[in-house]
Amino acid sequence: MMNYGSMERRWQEEWEKAKIFEGDPNNKNAYMVTAAYPYVNSPQHIGHMRTFGTADVLARYKRMRGYNVLYPMAFHATGTPILAFAKRIKNKDPDLIKELKLFHIPDEDIAKMTDPLYLANYFAREIERGMHLAGFGIDWRRKFISIEPRYSKFIEWQFGILNAGKRLTQGSHPVGWCPNENNAVGMHDTKHDVEPEIDKETSIKFAVDGTDAFMLCTTYRPETIFGVTNLFVDVNAKYVLCEIGGERYYISKAAADNLKYQMKMEVLEEHDGKELLSRSAINPANGTKVPILPGYFVKEDIGTGVVMSVPAHAPFDYAALERLRASNYPIPEIRPIKVIDVEVGHSIGSKDAKPIFHPDIPALAYLEVLGTNVNSVDDALEFATKLEYREEAHSGRMIVPGYEGMSEPEAREKVRADLISAKKGFEIYVLTNSPVYCRCGFKVAVKLVENQWFLNYGDRAWKDAAKKAFVAMRILPEKSRKAFESALDWIDLRAVVRAQGLGTRFPLDNDKIIESLSDSTIYMALYTISHLIKELDPEKLKPEFFDYVFLSKGDISEVAKSTGIDYEIVKKAKDSFEYWYTYTSRHSGPDLIFNHLTMYAYNHVAIFPDKYWPKQIVVNGSVLSEGEKMSKSLGNIVPLIDAMQSHGVDPLRFVIIAGADLFSDSEFSYDAVNGVKERLEYLYNAVSGLESMGSEELKHIDYWLYSKLNRKIESVTESMELLELRAASTEMLYNSILELKKYFARGGNNGMVVKEYLSASALLLSPIAPHFAEELWHMLGNDNFASTERWPESDQSMISDKVESEEDLVDKVIADARQVSEMVKRKGGKEPAKLKFIVAQDWKRVLYNIVAQQKAPGKVIDWLKAGEIKEMEQYSGQVDIGTEIEYITGISKKRAELRPVALTHEEEMELLSEAGTYMAGVLGCEVSVESESESKSEKAKRALPGKPSIEAVF
RNA sequence: GCAGGGGUGGCAGAGCCUGGCCAAAUGCGACGGGCUUAGGACCCGUUUCCUUUGUGGAUGCGAGAGUUCAAAUCUCUCCCCCUGCACCA
């Protein structure tokens, strides 16, 4: 049994002693691998291993390919989450403390985590320790944290350049807002960590008949305004009359409370909802007078608390009206007005639901098609609503004059624009997932922040430059390129500062902090010099220093003089940047495509000369735990360090990093880990088996193993180049085991061959399972590091299709023999004592190959009759034409699948004879091989090339 | 809604770009056998259905249609699932 723990520690120490991750500056081929730096507000779980590990595998692979590789790491602490974390500790948040306990964090450390800096440094240390134990080849001399002074100097320099390049702009912006704390709230500031989702809705002004005030309705479907028959209010709620922008509106009191953060509003009067029922309102789209009615489903805090009723197209509206009628509420005659024509139920496609074409009242038709009615529960109405909205959006056509024939989404945009430009409506922001509560307990509202600073990612020229960078960039997996393309099209203004949080102060407004994604777009460049400026007084890190190092601006002596930094350091910094930053690979998870990774490219093109633009981006999937997404609420988070201790680092690396292809999620499961362990163990044990092996002349199976090995080297190399780690790992581990097993089963026993196979395997395994690879490498008698060895080269001359296909043939024969043997046993009740393999004659091969190529048996028969097939002449005495034709007819049915065979009769005889012992062992009975021409068996003529006839003998 | 990804055998998951050697790798599970005092581990075999003294056939890769001598693979339509939609790390 292998002891993973001691093996890992041993090699980690050895690597450290040899400083193999610090690179060789004399090597001209530099390659830098960076992974999105970890946020230091949590301990690491196994999910964190994916990105860092993938980067590590690439770094290790590139080292073996002869590059001088730099894989640095730093820590992210910018923003509010750390502050929120510290606050929760102060409040003794039981959930958080429970989570920390899961990671074995001592009470005294938890107690100190009320200090944000303490907790940031604590987790930074822990994360570093975890990465170290995971065997990541990181050059830790370069680490930094995003809230230290020299980092801020760097970011200030960056924003100086962005500002000079006119990348910044100001405007207003909606954010989730806690009125109690007077602060913007993001996901980590809310109860249950929900992100406040903000969306725009159209509010439409319905004049209250006989007054100058309006009922203000919000709707997602402004195009249905032509179908409005009435308005609904919540009779149990309070409503207010308020003044917004010089006009007066009735909205619910709850809505007023929400909306006052995004518009100037004065509340004038308060009313009961009931009072509004006596009024009627004017539809601004067509001047129709509509009554105001009680709507049982209206919620005072959604939108404005006033709903426009479109019974033809909204099941809830239809149902509410019908229920009012049934309850004898005095309502006027209301006829639903259809505005969209639709085939109701066409998308359901089930046998019990028959579509209803062109109904007069689609909303009713949807209820019918779903087998429900106006009195059903809200969930059923909700379902009908969703179906109706979907189908109408998808295939509905407007029938309203002026919008006729338009699709619904098209009409929606147009109607909205028309209403707004005619001042009959305006847009408001709503929380779509309302209610969201701040951790302090208050309900989150939407606030319009004035004078917000933005980075203008919508700028045409900038966008085009970023796109250009992507065209030249390598993206792995390539299929995520499309996501980047749409991210580039979509990205626009991005708010760049926040009122609070840790981080760098915004140079243009010192009260604000640069937001955390915006201060993390070019930090990879800092790695190239961070170890050189570590000891410097941050005040010396003036813009001219960075200008010189990164942009070659200015004169080195002057820079040294004005900053007070040693000439040598400035020079080294510049050289180091230029050396490392030319070939870079950036690693991250897919969630960062739409922000960090795109901004990363944008900022590089805005700041650096194109020589230093990103060269490669690698996006990897996440990690699932036993089939489920790891989450705090599910409680299935597996702490990284625990997992490494109990399973061993390398098996874990295999499962998490290489267990799925880049794009998909990998699955952490004990079964998978054990599977890897068993296989590593097999290789480990194979080494000790070497002693007892011989070293005779190479046999067929030795050539086979060589062929497999060299093919493997080739295919693993291809996979590694594209970071197709799943494919690489299947090939290098799983298939190696199968091949070795087969080799031994086939009587392979050549120590030299197996040793070569294992040595190459050790090297191939090294990037993914570095500790194990070193162990194996040393057991095989080497005293240097597998990690610094050259990646194996495949020897093309050892790859043989012929040898491999011969082995395949043996396997197929065995499979066929099994079937025969099975069948015989079933029929006769006893197993055959012997199986006779009868090998097809050579003339059959000639015809077989012709048919396989021509795929036209008729033609071949014609040629045969006409004596046009030269190769057949030599067999003229052996076989008559009738037999030949019968044979061709026999194989003609399968002509599409026939492949030419290479083996001659004699070779096939030899192959099967040589494999005789093996087959006998596998089949559990005697076997013999004979030639078709010499066989007396009546089955003999059934023999086909590559598919001997089989006779069971008892 | 928009954008991106996906739907393959009991499960997981390859294959799809570059159509044929694909009843479909590999792993797990299940079943049978070996080993074992027994279990685990390990080894061998089976694992869509039908058929057969013979190595065969049918159906089949979300649904439907099309292209082709030939489709899991190409085209179109539809259905379903996952992720993202921002100022938040």
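Note that these values count all heavy atoms, side chains included, but never hydrogens, waters or copies made by symmetry. Convention: sequence-line order gives letters A, B, ...; per-chain numbering from 1.
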Trainee: Return the value, rounded to whole Å, for the distance between atom CZ of A/Arg679 and atom P of B/A41.
Mentor: 13 Å
Trainee: Mind checking what makes side-chain hydrogen bond (donor to acceptor under 3.5 Å, both in side chains) contact with A/Arg221, not counting sequence neighbours?
Mentor: A/Glu392, A/Glu408
Trainee: Charged N to carboxylate O under 4.0 angstrom, A/Lys742 versus A/Asp811?
Mentor: yes
Trainee: A/Leu592 has a side chain; which of B/G27, B/A89, B/C87 sits nearest to it?
Mentor: B/A89
Trainee: Round to the nearest Å and state the distance from A/Lys712 atom NZ to B/A25 atom C1'.
Mentor: 13 Å
Trainee: Is any side-chain N of the basic residue among A/Asp489 and A/Lys463 closer than 4.0 Å to the acidic one's carboxylate O?
Mentor: no
Trainee: When the C1' atoms of B/C61 and B/C11 are compared, how many Å lie between them, rounded to an integer?
Mentor: 16 Å
Trainee: In sequence, state the C-alpha distance, the side-chain angles, and the governing distance for A/Phe454 and A/His173, and then conclude on side-chain contact (heavy atoms from CB on, under 4.5 Å).
Mentor: CA-CA 9 Å; A/Phe454 298 95; A/His173 190 77; 3.5 Å; yes
Trainee: Look at the side-chain N and O atoms of A/Ser516 and state whether any lies under 4.0 Å from the OP1 or OP2 oxygen of B/A89.
Mentor: yes
Trainee: Measuring only the C1' atom in each nucleotide, how far is B/C49 from B/G33? A whole number of Å is fine.
Mentor: 25 Å
Trainee: Can you check the distance between B/G62 and B/G9, where both ends of the measurement are the C1' atom (answer in whole Å)?
Mentor: 14 Å
Trainee: Quantified in whole Å, what is the P atom distance between nucleotide B/C78 and nucleotide B/A12?
Mentor: 27 Å
Trainee: Examine B/C43: is either OP1 or OP2 under 4.0 Å from a nitrogen or oxygen in the side chain of A/Lys741? Give yes or no.
Mentor: yes
Trainee: So, OP1 or OP2 of B/C88: does either fall under 4.0 Å of a side-chain N or O from A/Arg494?
Mentor: no
Trainee: Heavy-atom nearest nucleotide on RNA chain B for A/Ala483 versus A/Thr730: which residue maps closer to 5'?
Mentor: A/Ala483
Trainee: Find the distance A/Ile491:CD1 to B/C85:P and express it as a whole number of Å.
Mentor: 12 Å
Trainee: Go through the steps to decide whether A/Phe123 and A/Phe85 satisfy the test ring-ring contact (aromatic ring centres under 6.0 Å, His included), and finish with yes or no.
Mentor: CA-CA 12 Å; A/Phe123 286 126; A/Phe85 191 111; 5.8 Å; yes
Trainee: Is A/Thr80 close enough to B/A89 that one of its side-chain N or O atoms is under 4.0 Å from OP1 or OP2 there?
Mentor: yes
Trainee: Figure out the CH2/C1' separation between A/Trp177 and B/C88, and round it to whole Å.
Mentor: 16 Å
Trainee: So what's B/U37 paired with, Watson-Crick or G-U wobble, going by both distances under 3.5 Å?
Mentor: none
Trainee: Does the cation-pi check pass for A/Lys467 over A/Tyr602, that is, NZ or CZ under 6.0 Å from the six-membered ring centre and within 45° of its axis?
Mentor: no
Trainee: C1' atom, B/U73 versus B/U68: distance in rounded Å?
Mentor: 13 Å
Trainee: Can you check the A/Leu738 CG to B/C28 P distance for me, whole Å?
Mentor: 10 Å
Trainee: Would you mind pulling out the nucleotide paired to B/A65, Watson-Crick or G-U wobble, both distances under 3.5 Å?
Mentor: B/U75
Trainee: Consider the side chain of A/Ser486, meaning its heavy atoms from C-beta on, and name the nucleotide among B/A89, B/G4, B/G27 that approaches it most closely.
Mentor: B/G4
Trainee: Quick one: label A/Ser520 by what it contacts on the DNA or RNA (base, sugar-phosphate, nothing), any heavy atom closer than 4.0 Å.
Mentor: nothing
Trainee: Without decimals, in angstroms, what is the distance between A/Ile593 CD1 and B/A89 C1'?
Mentor: 16 Å
Trainee: Determine the contact category for A/Pro948: base if any of its heavy atoms lies under 4.0 Å from a base atom, sugar-phosphate if only primed atoms, P, OP1 or OP2 are that close, otherwise nothing.
Mentor: base
Trainee: Does the gap between the ring centers of A/Tyr39 and A/Tyr37 come in under 6.0 Å?
Mentor: no
Trainee: So what's B/U52 paired with, Watson-Crick or G-U wobble, going by both distances under 3.5 Å?
Mentor: none
Trainee: Name the nucleic acid region contacted by A/Glu951, choosing base, sugar-phosphate or nothing; use a 4.0 angstrom heavy-atom cut-off, strictly under.
Mentor: base
Trainee: In whole angstrom, what separates A/Arg498's CZ from B/A89's C1'?
Mentor: 10 Å
Trainee: Check this one for me: any side-chain N or O of A/Lys479 less than 4.0 Å away from OP1 or OP2 of B/C17?
Mentor: no
Trainee: I want to confirm an ordering. Mapping A/Ala817 and A/Ile198 to their closest nucleotides on RNA chain B, which one lands closer to the 5' end?
Mentor: A/Ala817
Trainee: Report the base-pairing partner of B/C85 (Watson-Crick or G-U wobble, both distances below 3.5 angstrom), or none.
Mentor: B/G1
Trainee: What's the closest nucleotide to the side chain of A/Phe594 if the choices are B/C87, B/A14, B/G84?
Mentor: B/G84
Trainee: Please give the distance between the P atoms of B/G29 and B/G40 as a whole number of Å.
Mentor: 11 Å
Trainee: To the side chain of A/Glu678, which of B/C88, B/C42, B/U55 is closest?
Mentor: B/C42
Trainee: What interatomic distance, in whole Å, is found between P of B/G20 and the corresponding atom of B/A71?
Mentor: 11 Å
Trainee: Within the 4.0 Å heavy-atom criterion, would you say A/His596 contacts the bases, only the backbone, or no part of the nucleic acid?
Mentor: nothing
Trainee: Under a 4.0 Å N-O cut-off, is there an ion pair linking A/Lys482 with A/Glu485?
Mentor: no
Trainee: With rounding to whole Å, what would you report as the distance between B/U52 and B/G60 at their P atoms?
Mentor: 23 Å
Trainee: Scan every strand shown for a Watson-Crick or G-U wobble partner of B/C22, both distances under 3.5 Å, and answer none if you come up empty.
Mentor: none
Trainee: Please determine, for the side chain of A/Trp490, which listed nucleotide (B/U55, B/A86, B/A89) has the closest atom?
Mentor: B/A86
Trainee: Which whole-number value in Å describes the distance from A/Ile737 CD1 to B/G27 P?
Mentor: 11 Å
Trainee: Looking across every strand, which nucleic acid part, if any, lies under 4.0 Å from A/Asp661 by heavy atom: base, sugar-phosphate, or nothing?
Mentor: sugar-phosphate
